[in-house]
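Letters A, B, ... mirror the listed sequences (proteins, then strands); counts begin at 1. This one's a predicted model, so the numbers in the text were calculated from it and none came from an experiment.
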Amino acid sequence: GAVVSQHPSWVICKSGTSVKIECRSLDFQATTMFWYRQFPKQSLMLMATSNEGSKATYEQGVEKDKFLINHASLTLSTLTVTSAHPEDSSFYICSARGHGWGYFGPGTRLTVT
Amino acid sequence: AQKVTQAQTEISVVEKEDVTLDCVYETRDTTYYLFWYKQPPSGELVFLIRRNSFDEQNEISGRYSWNFQKSTSSFNFTITASQVVDSAVYFCALSEKAGGYQKVTFGTGTKLQVIP
């Protein structure tokens with residue numbers, strides 16, 4: 001089946017620094033990628049949707065300047081958390097979709113100290 | 001707007017018992033898809049099933065079965081003869097086209113604990 005990878009799987013960073021998370025579709029071309037955030041013991045909340053080569057569409061309440069999304073190729077999307085703060089600590093999951101259904105990545109656990 | 005409700009926050013059962021996880025959804029679309037995912041402690045989402053709005057045929061797959069009732073907007077999931085490895089958080093999700101994208105809305109999840 002289709003495989004989606006995320007890198008890193010976990011990261012710890014200091015408050016004020018920026019962190020980049022990669023999402024790759026390994027065996028298909030992902031025309032659309034979705035980024036979700038999951039706080040502990042809560043559900044997954046969609047943050048943004050991006051199509052390859054165009055700007056991401058952010059959900060209401062998600063800061064565009066804080067969560068930078070780049071979908072530069074059909075197999076790679078990146079989420080950069082800029083000037084991270086402890087409240088950004090969360091589990092970030094991407095979903096990549098080609099012509100069929102979307103597949104979820106394994107997630108990235110971000111801890112901001 | 002689409003909404004998924006999982007009223008059961010946590011369920012504990014003794015191994016080998018059957019357990020049903022409830023899911024109720026709201027949507028204005030006539031074409032939509034429903035999903036169940038399992039999320040073990042590792043965090044990775046495990047896809048269990050997808051059902052489209054035109055297919056109300058219930059399905060059994062091994063120890064898993066699903067009951068889709070369009071009339072009551074419910075998509076319940078049953079595990080028969082539960083095992084400790086079934087312990088996880090289970091999410092029901094709904095997908096409909098929003099702005100041309102297949103936008104997925106997740107329920108709040110049901111944490112299942114199977115006690116040996």
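Taking the side chain as every heavy atom from C-beta outward, A:Glu52 and A:His71 approach each other to under 4.5 Å.
The number of heavy atoms from other shown groups lying within 6.0 Å of NZ (A:Lys66) is above 12.
With a threshold of 4.5 angstrom between heavy atoms, B:Tyr37 approaches chain A through side-chain atoms but not through N, CA, C or O. In this structure, chain A has no heavy atom under 4.5 Å from any part of B:Val46. Residue contact with chain A, scored on non-hydrogen atoms closer than 4.5 Å, is absent for B:Gln6. For A:Leu44, the parts lying under 4.5 angstrom from a heavy atom of chain B are both the backbone and the side chain. Neither the backbone nor the side chain of A:Gln6 comes within less than 4.5 Å of any heavy atom in chain B.
If you check the side chains of B:Thr78 and B:Thr20, you find a donor sitting under 3.5 Å from an acceptor.
Ring planes of B:Phe106 and A:Tyr36: perpendicular class, angle over 60° (limits at 30 and 60°).
Atom CD in B:Gln39 sits 5.5 Å away from atom CD1 in A:Ile93 (nearest 0.5 Å).
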